[in-house]
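Contents: one structure, followed by commentary.
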Amino acid sequence: MTKKVRKAVFPAAGLGTRFLPATKAQPKEMLPLVDKPIIQYGVEEAMMSGCNQIIIITGRGKQAIEDHFDVSYELEKMLEERKKTDLLNIVRSISDMMYVSYVRQKEALGLGHAVLMARELVNDEPFAVLLADDVIDAQVPCLKQMVQVFEETQCSVIATQIVEGKMISSYGVLDVKPVQSHFGDRLYEIQNMVEKPKPEEAPSNLAIIGRYILTPAIFDCLARTQTGAGGELQLTDGMRSLLQKEKMYAYVYEGRRHDTGDKLGFLKATVEFALKRDDLGGPFREYLKGLKL
Ligand code: G1P
């Protein structure tokens, strides 16, 4: 029987130091791109890709994320009384979105550790992991593209993208071989992977991007993984041991990825998303044209 991806895990316990002081008293996942918190883009992508259960790994100071996906009685009552139906619908659609559960990661010990925290809720099913910082603008949601690969192969799938030059060292990097399939040159079989290698040691220019579909065998692998790069339990290291047991694929998704965890990336995403908006695009474009650059 073929398995389906129903659960999506969002590691969100990181401290967000790259965005201080904005993240001193507010989770980085709640910073808005135009008017929607970063994490909501990922949650909507998971939902559009067929997931109906969201598992968010939180930590201290992340209460605002729980409040965001919860019902806000006072706000709804006020909007109802003032007959602000459009706003009321927006607010309600967030809490109606789907079933969300939360697991506390007491200490930020790494991405692999965060994923391991979801073990009991995920149980014995394939599941998705989405890193909310990576906002991917695509016609077909990135995770949905990957779900198609999973449904055909029943193997773990990692999103990948070419990163040129020294920047490759900021990523997990894949060693791959091409696969003949109807996915054309987008699908590769993974041979090996390494977290944040030196540029001269990178096995290719294919970087791991923050979208994964993993089989539940990853949990045993992570539980046995030692701390790696940066003194953290790395998801990449756990996946490398999964590779000893199972086939894994890399998929070059169609779409445009924004690294919103980076200040410049965040600004670029803000501008691009604002320009696409029906209500803001026109006047914002006029404003930008008028700037003496
Ligand atoms: C994490 C992963 C890395 C991946 C990256 C994608 O790194 O550890 O393998 O390439 O996300 O955004 P981080 O950016 O959290 O340091």
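Remember, it's 1-based here, ligands and their atoms both numbered in the order they're listed.
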Polar contacts were defined as any N/O atom of the residue lying under 3.5 Å from an N/O atom of the ligand; does this apply to [X] and ligand 1?
| X | result |
| --- | --- |
| I208 | yes |
| E195 | yes |
| G172 | yes |
| Y212 | no |

Under 3.5 Å, which donor-acceptor pairs do the side chains of residues 185-193 form with other protein atoms, sequence neighbours left out?
{"from": "R186", "atom 1": "NH1", "to": "V252", "atom 2": "O", "distance (Å)": "2.7"}
{"from": "R186", "atom 1": "NH1", "to": "Y253", "atom 2": "O", "distance (Å)": "3.4"}

* Asked: Counting each atom of ligand 1 from 1 as listed, which ones have a heavy atom of T236 under 4.0 Å away?
  ->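 Result: 9 (O).
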
* Numbering the atoms of ligand 1 from 1, which are under 4.0 Å from a heavy atom of D134? ->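 Here the atoms of ligand 1 in question are 6 (C), 12 (O).
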
* Protein heavy atom under 4.0 Å of atom 16 (O) of ligand 1 ->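 Under the 4.0 Å cut-off, atom 16 (O) of ligand 1 does have protein heavy-atom neighbours.
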
* Please check atom 7 (O) of ligand 1 for a protein heavy-atom neighbour under 4.0 Å. =>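 Given the 4.0 Å limit, the answer for atom 7 (O) of ligand 1 is yes, a protein heavy atom qualifies.
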
Output the distance between atom [atom1] ([X]) and atom [atom2] ([Y]), rounded to the nearest 0.5 Å.
| X | Y | atom1 | atom2 | answer |
| --- | --- | --- | --- | --- |
| M239 | D237 | CE | CG | 9.0 Å |
| T236 | L111 | OG1 | CG | 7.5 Å |
| S181 | E152 | OG | CD | 8.0 Å |

* **Nearest protein heavy atom with distance in Å, relative to atom 13 (P) of ligand 1** =>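 Result for atom 13 (P) of ligand 1: K196 NZ, 3.7 Å.
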
* Could you tell me whether E272 and R256 have a side-chain N and a carboxylate O separated by less than 4.0 Å? =>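 The answer is yes: the pair qualifies as a salt bridge.
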
* **E125 and K3 ion-paired at < 4.0 Å** =>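 Salt bridge: no.
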
* Asked: Which part of L131 is near ligand 1, with near meaning a heavy atom under 4.0 Å away: side chain, backbone, both or neither?
  ->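 The side chain, only.
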
* Asked: So is R257 in contact with ligand 1, going by heavy-atom distances below 4.0 Å?
  ->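 A heavy atom of R257 does come that close to ligand 1.
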
* Asked: Do H258 and F273 make the cut of ring centroids closer than 6.0 angstrom?
  ->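 Yes, close enough.
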
List the atom pairs, with distances to 0.1 Å, where a side-chain N or O of residues 126-136 and a protein N or O form a donor-acceptor pair under 3.5 Å, not counting sequence neighbours.
{"from": "D133", "atom 1": "OD2", "to": "K28", "atom 2": "NZ", "distance (Å)": "3.2"}
{"from": "D134", "atom 1": "OD1", "to": "R257", "atom 2": "NE", "distance (Å)": "2.9"}
{"from": "D134", "atom 1": "OD1", "to": "R257", "atom 2": "NH2", "distance (Å)": "2.8"}
{"from": "D134", "atom 1": "OD2", "to": "G210", "atom 2": "N", "distance (Å)": "2.7"}

